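Written out below as structure tokens is the structure these notes cover.
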Number of protein chains: 4
Amino acid sequence: MNDFAPTPEADEGDAIGGASREKLRQFVARIERLEEEKASLAADIKEVYAEAKSFGFDTKVLRKVISIRKQDRHEREEQEALLDLYLGVVGE
Amino acid sequence: MNDFAPTPEADEGDAIGGASREKLRQFVARIERLEEEKASLAADIKEVYAEAKSFGFDTKVLRKVISIRKQDRHEREEQEALLDLYLGVVGE
Amino acid sequence: MNDFAPTPEADEGDAIGGASREKLRQFVARIERLEEEKASLAADIKEVYAEAKSFGFDTKVLRKVISIRKQDRHEREEQEALLDLYLGVVGE
Amino acid sequence: MNDFAPTPEADEGDAIGGASREKLRQFVARIERLEEEKASLAADIKEVYAEAKSFGFDTKVLRKVISIRKQDRHEREEQEALLDLYLGVVGE
DNA sequence: TCGGAAATCAAGACCC
DNA sequence: GGGTCTTGATTTCCGA
């Protein structure tokens, strides 16, 4: 079954059951709440860059720094994952 | 001068002054902190979609719903901006 | 191999085969032709705004009106897309 | 007077005269028509890039090529304008 | 897992 | 110079 309504129940005039409807409402609310916070953080980040710029820092370079550090972190995590893998193979 | 260091000060062996260096560190830390929170929220959102999916909801539809509601909000803001424009043009 | 040339062929002194070269030329020509027309239309639009202004209309308001109507159209399309999604999910 | 309505006429219940209203409608229609064509061309261009990609060309490089040629054209026009200026100064 | 499609985001151009 | 529009790049996400 490929319904949008998840629960199989008798139609009461709605294409989607009351329970599902409520559940859907909750999902939408949760997502929108999180999106809002995310947007707020994005705005904060922008502000920090602006402040840094007002201190004379080159935001382009600054962004590059952030990005490289992120990559480094990512690499380090991969290294660790690899190490874990090795250790696992050797036997704990 | 094309330095990354913002403040014009005598070189003391460093290409960037101690104060600026400290300030830079702080900016990087603040940005990374905020980015981290943002990434965390993005992960949360993804989770919610996954949960909704496990409840039988079609995530594609759900995403579309979220997107349309967002546009509605945006449109409402634009309408108000237009009204302000009208008032500004007619008034005074 | 990291060539710009798409087809793997023996080098005959050129880094890119004659056929590909010709094809590339055609793509560039087509794009530039379309870009030209687009620029021309942009100029036309600018003219219309100028004319409207000369008739006493506030171009800022006018632009906002155009923008809102565009959003309306877009939103309507999204609604239809959502409907199609619904139908696709429920139906079949 | 800073009205949006361009023509000073007695209010007939509308904030903007019938003639102006009609004129506005026409401006909106013209602009939207042109915008539509422009959007259509933009879509065409996108298609061409997609087609080029399907032929194995790197669209990023292709875009760069287009952009550089555009700059070249622009420079050449400036050179010519400069030449005209010179010639004008020397006297025809 | 890969590739393409889409959203996000900042940079640049351009006009007022 | 301020604001808007456009473009370009990056990232993200889903489906195959």
Side-chain angles (χ1 to χ4, degrees), chain A residues 31 35 38-50 52-53 58-64 66-68 70-71 74, chain B residues 31 34-35 38-50 52-53 57-64 66-68 70-71 74 78 81-82 84-85 88, chain C residues 31 34-35 38-39 41-43 45-50 52-54 57-68 70-71 74 77-78 81 85 88, chain D residues 31 34-35 38-39 41-43 45-47 49-54 56 58-68 70-71 73-75 78:
Chain A
I31 291 168
E35 294 265 8
K38 187 154 83 88
S40 168
L41 281 172
D44 289 349
I45 291 169
K46 222 172 146 184
E47 263 185 59
V48 177
Y49 276 110
K53 182 173 194 170
D58 183 323
T59 60
K60 203 169 173 179
V61 176
L62 185 48
R63 279 177 197 281
K64 205 65 185 164
I66 297 285
S67 138
I68 288 176
K70 189 167 165 186
Q71 281 176 21
H74 188 239
Chain B
I31 291 169
L34 292 169
E35 293 267 8
K38 187 152 84 87
S40 168
L41 281 171
D44 289 349
I45 292 169
K46 224 172 145 179
E47 263 185 60
V48 178
Y49 276 109
K53 185 171 193 171
F57 293 108
D58 184 314
T59 60
K60 202 167 172 184
V61 175
L62 187 48
R63 280 178 195 280
K64 187 64 93 179
I66 297 284
S67 133
I68 289 180
K70 190 166 164 187
Q71 281 179 33
H74 185 238
E78 290 267 283
L82 179 58
D84 287 348
L85 265 185
Chain C
I31 291 169
L34 292 169
E35 293 266 9
K38 189 152 81 86
L41 281 172
I45 292 169
K46 218 170 140 184
E47 263 183 60
V48 178
Y49 274 111
K53 185 173 192 169
S54 80
F57 292 108
D58 184 314
T59 59
K60 204 168 170 182
V61 175
L62 186 48
R63 278 178 196 282
K64 186 63 90 179
V65 169
I66 297 284
S67 137
I68 288 179
K70 189 167 164 187
Q71 282 180 33
H74 185 238
E77 284 164 14
E78 290 267 282
L85 268 185
Chain D
I31 291 168
L34 293 169
E35 294 266 8
K38 188 152 83 87
L41 282 171
I45 291 170
K46 224 174 145 180
E47 264 184 61
Y49 275 111
E51 191 186 339
K53 183 173 193 168
S54 81
D58 183 323
T59 60
K60 201 169 173 179
V61 176
L62 186 49
R63 279 178 196 281
K64 208 63 184 166
V65 169
I66 297 285
S67 137
I68 288 176
K70 191 167 165 185
Q71 280 176 20
R73 236 172 299 135
H74 189 238
E75 274 177 33
E78 284 198 344

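Keep in mind that this is a model prediction, so the values were computed, not measured.
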Please give, in whole Å, the distance from E:dC14 C1' to D:Gln71 CD? 16 Å

Whole-Å gap separating P (F:dT4) and CD1 (C:Ile68): 14 Å

DNA chain E: D:Lys53 or A:Lys46, which has the more 5' nearest nucleotide? D:Lys53

Are any of the side-chain heavy atoms of C:Glu35 and C:Lys38 separated by less than 4.5 Å? yes

Output the rounded distance in Å from CD1 (C:Ile45) to P (E:dC16). 14 Å

Indicate, with a heavy-atom threshold strictly under 4.0 Å, whether A:Arg63 touches base, sugar-phosphate, or nothing. sugar-phosphate

Less than 4.5 Å apart, side chain to side chain, heavy atoms only: is that true for A:Val48 and B:Leu34? yes

Which part of the nucleic acid, if any, lies within reach of B:Lys70 when heavy atoms closer than 4.0 Å are counted: base, sugar-phosphate only, or nothing? sugar-phosphate

Do C:Phe57 and C:Val65 come within less than 4.5 Å of each other through their side chains, counting heavy atoms only? no

May I ask you to test the B:His74-B:Glu78 pair for a side-chain heavy-atom distance under 4.5 Å? yes

Could you state the CD1-P distance from C:Ile31 to F:dG8, rounded to the nearest angstrom? 11 Å

B:Leu85 vs C:Asp58 side-chain heavy atoms within contact, under 4.5 Å: no

Checking E:dC9, F:dG8, E:dA11 against the side chain of B:Lys38 (C-beta onward), the nearest is E:dC9

Roughly how many Å is it from CD in A:Glu35 to C1' in F:dT12, rounded to a whole number? 12 Å

For A:Tyr49 and for B:Ser67, find the nucleotide of DNA chain E with the closest heavy atom, then tell me which residue's nucleotide is more 5'. B:Ser67

For D:Ile66 and F:dG8, give me the distance from atom CD1 to atom P, rounded to whole Å. 10 Å

For D:Lys60, answer base if it contacts any base atom (sugar-phosphate contacts may also be present), sugar-phosphate if it contacts only those atoms, and nothing otherwise; contact means non-hydrogen atoms under 4.0 Å. sugar-phosphate

D:Asp58 CG to E:dG3 P: how many Å, rounded? 14 Å

Interatomic distance, C:Glu47 CD vs E:dC14 P [rounded to whole Å]: 17 Å

Taking the minimum atom-to-atom distance to the side chain of A:Ala42, which one of F:dT7, E:dA11, E:dC9 wins? E:dC9

